[in-house]
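Take a look at the structure set out below.
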Protein chains: 2
Amino acid sequence: MGLTERRQLILKLVIQEFVETALPVASETLVRKYRLGVSSATVRNEMAALEDLGYLTHLHTSAGRVPTDAGYRFFVENLMERTALSLAERRMIRHQFYQVRGELDQWVHLAGAVLARTAQNASLVTPPRAADLLRFRHLELVAIHESMVLLVLVFHGGIVKQQTLPLESARSPEDLRRIAARISDALADLSLPGIEDLLARELKQIPATFGEFERLVIDHVMRAMQSFEEQAQEQIYSDGLLEMLSQPEFLPSLAREDAERAVERTRHALEILKSGRGLGALIPQALASSGVQVIIGGENSTNEMREYSVVLARYGVDRAVVGVLGVIGPTRMAYPRSISTVRYISSVMSDLLAELYNAESRSAEGDVDPE
Amino acid sequence: MGLTERRQLILKLVIQEFVETALPVASETLVRKYRLGVSSATVRNEMAALEDLGYLTHLHTSAGRVPTDAGYRFFVENLMERTALSLAERRMIRHQFYQVRGELDQWVHLAGAVLARTAQNASLVTPPRAADLLRFRHLELVAIHESMVLLVLVFHGGIVKQQTLPLESARSPEDLRRIAARISDALADLSLPGIEDLLARELKQIPATFGEFERLVIDHVMRAMQSFEEQAQEQIYSDGLLEMLSQPEFLPSLAREDAERAVERTRHALEILKSGRGLGALIPQALASSGVQVIIGGENSTNEMREYSVVLARYGVDRAVVGVLGVIGPTRMAYPRSISTVRYISSVMSDLLAELYNAESRSAEGDVDPE
DNA sequence: TGTTAGCACTCACCAAGTACGAGTGCTAAC
DNA sequence: GTTAGCACTCGTACTTGGTGAGTGCTAACA
């Protein structure tokens, strides 16, 4: 990169300043605030050069400089100091996870809340999901009353799903227990295709292995697995809307622009988070790569996300369960902090899952936690 | 109510018009649009009278009339025509619930989504909850690996909860099954205080009934029940933010006011829905009374909710499980439609739960569904 | 007594005009 | 290569005047 030391410094300062204030950065401001030892005119010349190189822009002639996507990219790649969260913050976060350690379904919510609060932006988290296909572990049948039975399905990875099944005729508890045990044994460790295979084979046997009712139950099991696999694709939990909307981009009072812009942006942000459009595409990508991914503004595949950046990381246990978590916000984002937050929470979640699975943690690389 | 026919008509029309357009209503508009057969001056006189009575206001001298909270109240109580959702809408809604009938945990989400879409406002739904204390039904222990076991707890009412428990030493599946069966039997049908009693009694027996590990498991069961009871208090699921924010109150383009107002309102709405402040107080109230409740603007106990109205109804099965669902939006709300929507969805949810419980449906009164 | 035409009055909304100031780009001197 | 100086640009804020919607009041009318 043919960028002199000084230009790198100026680019870095412009970005830091802009991220902090959300206001275009003037040459004079930099000189005054950071005691650059040169005059504002010199800084202006450098800024003009950085603009030619595509790292900065101008809204109009008499406005300060603003970083471009390329500018942020260069910053993230070369200029940024890789910081870690403070010990106090790390402790607090660990403590919160510790408090809900027994309740798997709380982890995702907590991760979303903590990400949002720590990075002061919206967060997104996908639940931990089997790296390969969902595999059956155990079935329990519990009668709710004489004509309704509850299927409680446990899958590998501690995933529990429930499903109700109306009964034609009442069944005794022993009966149900026996049937559940039989099915549990028969389907143990099978994935959906495995169960289909099994059924296909059984169908040919003349003294049928499964009775009519057992078939019905298995059918419901399969349907539940099917619907879970489908839902899992698009399940993105999101939090921190309020945190993100506290960024000046969405507040007309601070950003001097038209207040209408703020309203439009707000609606737009809501739609993105609600629909998950533009986000869904990022998930597989994040699952495929290790480490923290940063997608800046126009680098997003969809045009909708042009004004947003996403910081993503995978979490989970290798070859068992994995998920994705991250932060989303305006391109004017405190990247160092977002990145360390995402990295840290990914490592915490990975540790938790590793404990659950009795395996090595496999979070975003690096970032050991000295506690 | 000493209100002449004509004044009632005018009040009704003002409200209808204002709800539709979100713009202050001029006397001339009413005359033109509804062919009142009198002059605008007469209407103005009547409006002035309605203003004296507290049913209408004025932002400033030369602006049209706007209903007050008292005006809406009178409308809801005396003027409103009680409509029902169209057959097509009812069919579509039933159909959607039919599609997820087996998956209890989807009901709440679906109800929230449907309420929001149908009433074009935000919705809130509390999950069905045992009318009295949570009662234990069944426990299953599933080993995840040699040093981690998953407790799957089933409570009366088909509520399932999971909890992990680290093991000191590995246990065989038979061992776990035996222990789970023992505990399931011992705790069957007990509520939290009941379990505490049981433990207290057992403690005195000299050859202890439960081993150390069994005590640990029971302890976790109790903790899970405890945390569920606590969480249930404040669990309010909410949806339809986007629908509500599509109301002109939040869009600067339509409402002529300052765009900054719209932004402020948006933030305010977000905070209310996220924190549940001001909403929590309404739930017990709605649980206590049958029928649809309408709380208009300043009638809310908290000042925060001054500009919002809430339409709430209880749903569920008497003496078994009940929940609350409703719509929240600006006081300028299509009350007839909101009310029929809430009433209808309450009845659908109640039917579903009744089926699950093999009991009589006990929704908001009235509103039989002819399908 | 209720209704209505007429009219003065109020006030939000809009467009145009003006002044201000922050910040740049350029030039010429160092 | 650096910098002082200065003209130029353009957003922001504030003022002004005009317009129109809508009311409130009054006086005449049925």
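So you know, we letter chains A, B, ... as the sequences are listed, proteins then strands, and number each from 1. Model, not experiment: these values are computed from the prediction.
- Salt-bridge formation is detected for the pair A:E51/A:R65: a Lys NZ or Arg NE/NH1/NH2 atom is positioned less than 4.0 Å from an Asp or Glu carboxylate oxygen.
- Using the six-membered ring where Trp is involved, A:Y72 and A:Y335 have ring planes that are tilted, between 30° and 60° apart.
- Atom P of nucleotide C:dC11 and atom NE2 of B:H60 are separated by 8 Å, given to the nearest angstrom.
- The side chain of B:M47 has D:dT23 as its nearest neighbour among D:dT23, C:dG23, C:dT4.
- Distance B:I10 CD1 to D:dT23 P: 12 Å, rounded to the nearest Å.
- The nucleotide whose nearest atom lies closest to any side-chain atom of B:A41 is, among C:dA5, C:dT24, D:dG11, C:dA5.
- Between B:R65 atom CZ and D:dT23 atom P the separation is 6 Å, expressed in whole Å.
- When heavy atoms are screened at a 4.0 angstrom cut-off, B:S27 is found touching the sugar-phosphate backbone but no base atom.
- Between B:R32 and D:dG22 there is no side-chain polar atom (N or O) within less than 4.0 angstrom of OP1 or OP2.
- Of the candidates C:dC11, D:dC25, D:dC10, D:dC25 carries the atom nearest the B:R44 side chain, counting heavy atoms from C-beta on.
- The partner of C:dA29 is D:dT2, by the rule that a Watson-Crick or G-U pair needs both atom distances under 3.5 Å.
- The distance between atom CG of B:N45 and atom P of C:dG2, rounded to the nearest whole Å, is 11 Å.
- Taking only side-chain atoms of B:A26, from C-beta outward, the nucleotide of D:dG22, D:dA4, C:dT4 with the closest atom is D:dG22.
- Contact of the B:I236 side chain with the B:I283 side chain is registered, since non-hydrogen atoms from C-beta on lie closer than 4.5 Å.
- Closest contact between the side chain of B:S39 and the listed nucleotides C:dT4, C:dC11, D:dT9 involves C:dT4.
- For B:H58, counting side-chain heavy atoms from C-beta on, the closest listed nucleotide (C:dA12, C:dG25, D:dG24) is D:dG24.
- For A:E28 and C:dT24, the CD to P distance is 9 Å, given to the nearest whole Å.
- Within the nucleic acid shown, A:V43 has no heavy atom closer than 4.0 Å to any nucleic acid atom.
- When each of A:S40 and B:G37 is assigned the nucleotide of DNA chain C bearing its nearest heavy atom, the one mapping closer to the 5' terminus is B:G37.
- In the set D:dC10, C:dT3, C:dA5, the nucleotide with an atom closest to the side chain of B:T42 is C:dT3.
- Separating the CZ atom of B:R261 from the P atom of C:dC13 is a distance of 11 Å, rounded to the nearest angstrom.
- A distance of 7.5 Å separates CD of B:E304 from CD of B:E271, quoted to the nearest 0.5 Å.
- Regarding B:L59, its CG atom lies at a distance of 9 Å from the P atom of C:dA12, rounded to whole Å.
- Taking atom CG of B:L56 as the reference point, atom C1' of D:dG24 lies 16 Å away to the nearest angstrom.
- In this model, a side-chain donor or acceptor of B:S62 finds a partner on the base of C:dT10 within 3.5 Å.
- Two residues are said to be in side-chain contact when any heavy atoms from C-beta on lie closer than 4.5 Å; B:Q247 and B:N121 meet this criterion.
- Side-chain contact between A:Y34 and A:E17 is present, with heavy atoms from C-beta onward closer than 4.5 Å.
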